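What follows is a set of notes on a single structure, which appears directly below.
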Amino acid sequence: MNMQVYKSNTVRRLFLPVLLLLLIGACKKETEYIYEVDPVTSRKEDINKGILKSTVEFISIAYSDLFGETIPQNSLGRLTLLYLAFGDKFLIEDMLIKNMLNSPVVSLPDNQTMRSDIPLFVKNAYLKLFNREPNELESFTLQKYITEDSQITPELVYYSMMTSDEYRYY
Amino acid sequence: MNTDTTKIMSEYIPRRSFLKKTAMAAAGAFAVPYILPSGRLFAASGNRIANHVVFCLFAGGIRNIESVRKEKGNLMPGILNGGASVDPSIAAGMDALPAVPGSSLQSQGTLFQEFRYAAGPTGHFNGHSTAITGSYTLQDLSIKEPPKMPTVFEYYRKHSDPVFSPANAWWVANTLGPYPSLNYSTYPGYGALYGANYIQPSTLFTEDGLSALANPRVFSSAEGEKITKLKQLFNNSFNLNTADNAGSIRNYASESDQIQAFLKQQLLNAQAGQYNNPWGAGSSMNGDMYNVFFAEKIIEEFKPELLVVNMQGVDVCHSNFTEYCNNLRKADFAVAHLWQTIQNTPGMANDTILIVAPEHGRNLEPNTIIDPYGQAAIDHTSDATSREIFCLVVGPPGKVVQGQNITQVTGESIDIVPTIAHVLGFRDSIPQGLLEGRILNESFI
C-alpha cells in the first residue's frame, strides 16, 4: 500500500467520527435572551432629606395624605394665606393638621386594620408620609410601641409623623 | 451646633410629659414667676432702663407738615400737645372718633420733632427694614428676601442671657406682602433661630382662619404622652437642618400650646362678634386700628419684652390727601389706645418704653390727583421733605424725660434699634460694626 492510499484511507476512516464529534459539540440549546427593565426603587432609601417643602407643597401633600384627594385650588389659596400670616411654621402646620384630623371626612386606616397587620401598617405609613421604607430599627420600634400599647391609634401615629421634622422635607 | 443652638434646640424636644407639664402650670407659675412668660430664670439685671419695649412704626409715609407742624390743625391729639382744631379745608372728610384716652403722649415723653430718615430709598419696605435693622438699605431691596442685616428681634434674642424665647418678641404687621420677611435676616450667625413671632392678624382672624384653625383635634394628656414618645422616635431618626432652623422660627413646646390656645380664642371671639366694635369707634375702625387692637391682645396675653407693630393706612395719600389726614387721626388714636392698654396691663405698666416713628415722610410737592375736597395727593420719592420724620420716646417718669420737645434736627432712623438695645440692656453685647446709629440718650434720665 503506498503512502497516498494510506493517507486517503485514514482520512476517510477519521472523517465520520470527527464529523460526528463536531456535530455533537455544535448542538447546544439556543439561549433565550429576555430583554426587560429592571425594577428601580424611586424613593429615597436614606433619611437625609434636604429640601424643605414649600408652603403650597406642604399644604397640598398634607391634604392629600389625609383626605386622599387633591386639594381644591381655592382652598389651597386660602390656606396658603393663613400659613403666611404666622411666622412659626411648625405651629401653624400643627394647627392645620389637627384641624384636618378633626374633619368628619378624613381618611385614615382604622384601628382594627392596623392591628391586623402591624408590620404592614408601619411600612405603609412610612411609604405614604415619609416616602420611604422604615429601616429595621424604626420598623421594630414602632411595631413594638403599637403592639405594647393598645391605646396607640392610626390617628396618633399619623399626627405624630405629620408634625415631625421629616415630614417638612423631601 | 453652638451653645445657643443647643440651648434652644433642647426646648424643641419635649422632656416633660403632659401630666408633669399640667402640674407645673398649676404650681410653677407661682414658684418660678420668671420662667414664664418672659423666659428669664432670674430677675432683670440693673443695666436695663425698662423690661419692655413697644415700637410702633407709625408708617405709610407721614409728613412733618401734617404731623408735628400741624398745618392742617392738630391731627394727632393723642400724641401731640395742643388743641388746634382740624382745618376747615378737610374737616368734613374726617370720621368721628371717640375721645382720645389719657393725656397726650408728648407730655409723657420726649419728642424729636425733626428726626430724619437720612439715607436710602423712601419706600415702605426700605423704611421698615431700616427701622427694624438699624441699618440703611442703600441698594434696592428684594422684597421676597429677608433683610441682610440682623433685625432688632435677633439682636434681642441672641444677645440676651439667657436666650429669650420667641414668645418674648413679636412683630405684628398690618399686611402680608414683603413684611413677613422682616422677622429675621440672612446675616451669618443670626437668622430664624433668633427671629420673632410674626403675625398678620387681619389675614389670620377671618372666616377662613376660623374654618381652618379653630376646630382642632384635642388630644388628652394620655394621648399627648404617646404623641411625645412617637415624635421622639421620628425626630431622633431625622437629621434636622439646624443651620437655618428649618426655615422658620420655632416657639418652645411649652409656649406653643399657649399660643395655639390664644389664636383659637381670638378666632372664636371674632366669630362671636366681640371684635365688631371693640373701641366704640363704629364704622371708623380701620385696618390700622384693628392691627393695633390685636397687638394689644398679644400684650395682654404674653407681656412680651419686645413688640413691634406697624400701621400704613396713611399711604392712601398717593391718591387722596384728605383720607390721608383722616387715617392719620385714626393712627394717632390707635397709638394713644395702645399706650393706655400698656399702662393698664400688670407686668407692663410703668415698665415699658413706647417708641413711635414713621418709616419716612412724603414729598413737598403734590402730584396731580385732586381729592373730593380739593386737596392734592402726595407721593414719596426721596426728596428732602420725604426724609423728615419725627420720633417720640414715651415712658414712666424717672426713666424718660417728660414733656421734652427737641426742635433741632436730632436723631435718625438707624438710632431706634440701638436705643431699644440700650433700654433692654443688650447694647454692649452687640458686636462692633453692626449698628452705626446711636442711643437717643436725650430721652432718658
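Keep in mind the model is a prediction, meaning the values are calculated, not measured. To find a chain, count down the sequence lines: A is the first, B the second, and so on, and within it residues start at 1.
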According to side chain to side chain donor-acceptor pair (under 3.5 Å), who are the partners of B/Y187, at least two apart in sequence or on a separate chain?
none

Non-neighbouring partners of A/S54 that pass side chain to side chain donor-acceptor pair (under 3.5 Å), sequence neighbours left out
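Applying side chain to side chain donor-acceptor pair (under 3.5 Å) to A/S54 gives A/E57.
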
In Å and rounded to the nearest 0.5 Å, what is the [atom1] to [atom2] distance from [X] to [Y]?
{"X": "B/N215", "Y": "A/N99", "atom1": "CG", "atom2": "CG", "value": "5.5 Å"}
{"X": "A/D94", "Y": "B/N251", "atom1": "CG", "atom2": "CG", "value": "11.5 Å"}
{"X": "B/Q260", "Y": "A/L91", "atom1": "CD", "atom2": "CG", "value": "4.5 Å"}
{"X": "B/L263", "Y": "A/I92", "atom1": "CG", "atom2": "CD1", "value": "6.5 Å"}
{"X": "B/Y198", "Y": "A/K89", "atom1": "OH", "atom2": "NZ", "value": "8.0 Å"}
{"X": "A/S164", "Y": "B/Q232", "atom1": "OG", "atom2": "CD", "value": "12.5 Å"}

Would you call the rings of A/Y169 and B/F238 parallel, tilted or perpendicular if under 30° counts as parallel and over 60° as perpendicular?
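Ring orientation of A/Y169 relative to B/F238: tilted.
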
Which atoms of [X] approach chain B - backbone, side chain, both or neither, heavy atom under 4.5 Å:
{"X": "A/L96", "answer": "both"}
{"X": "A/F86", "answer": "both"}
{"X": "A/T163", "answer": "both"}

Would you check if [X] and [Y] make a side-chain contact, meaning some heavy-atom pair closer than 4.5 Å?
{"X": "A/L84", "Y": "B/Q200", "value": "no"}
{"X": "A/E155", "Y": "B/R217", "value": "yes"}
{"X": "B/S256", "Y": "A/F90", "value": "no"}

Engaged part of [X] at the chain A interface, taking heavy atoms whose separation is under 4.5 Å:
{"X": "B/S211", "result": "backbone"}
{"X": "B/A214", "result": "backbone"}
{"X": "B/F219", "result": "side chain"}
{"X": "B/L233", "result": "side chain"}
{"X": "B/D208", "result": "both"}

If you check every heavy atom in residues 170-177 of chain B against those of chain A, which residues fall under 4.5 Å?
B/W170, B/L176

Is A/D149 paired with B/K226 through a side-chain N to carboxylate O contact shorter than 4.0 Å?
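Here B/K226 pairs with A/D149 in a salt bridge, since their nearest N and O are under 4.0 Å apart.
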
Would you say [X] has more than 12 foreign heavy atoms packed within less than 6.0 Å of its [atom1]?
{"X": "A/K123", "atom1": "NZ", "value": "no"}
{"X": "A/E69", "atom1": "CD", "value": "yes"}
{"X": "A/F140", "atom1": "CZ", "value": "no"}

Proximity of residues 101-119 of chain A to chain B, residues having a non-hydrogen atom under 4.5 angstrom:
A/L101, A/N102

Taking all non-hydrogen atoms of both residues into account, name the closest pair between [X] and [Y] and its distance.
{"X": "A/A85", "Y": "B/L204", "value": "CB-CD1, 4.0 Å"}
{"X": "B/S248", "Y": "A/G87", "value": "OG-O, 3.2 Å"}
{"X": "A/L142", "Y": "B/L230", "value": "CD1-CD2, 3.6 Å"}

Considering only heavy atoms and a distance below 4.5 Å, find which of A/Y145, A/Y83, A/F130 pairs most often with chain B.
A/Y145

Is a donor on one side and an acceptor on the other found under 3.5 Å between the side chain of A/D165 and the backbone of B/N235?
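Not confirmed, A/D165 side chain does not pair with B/N235 backbone.
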
Partner chain A: residue of B/E223, B/K229, B/K264 with the largest heavy-atom pair count (under 4.5 Å)
B/K229

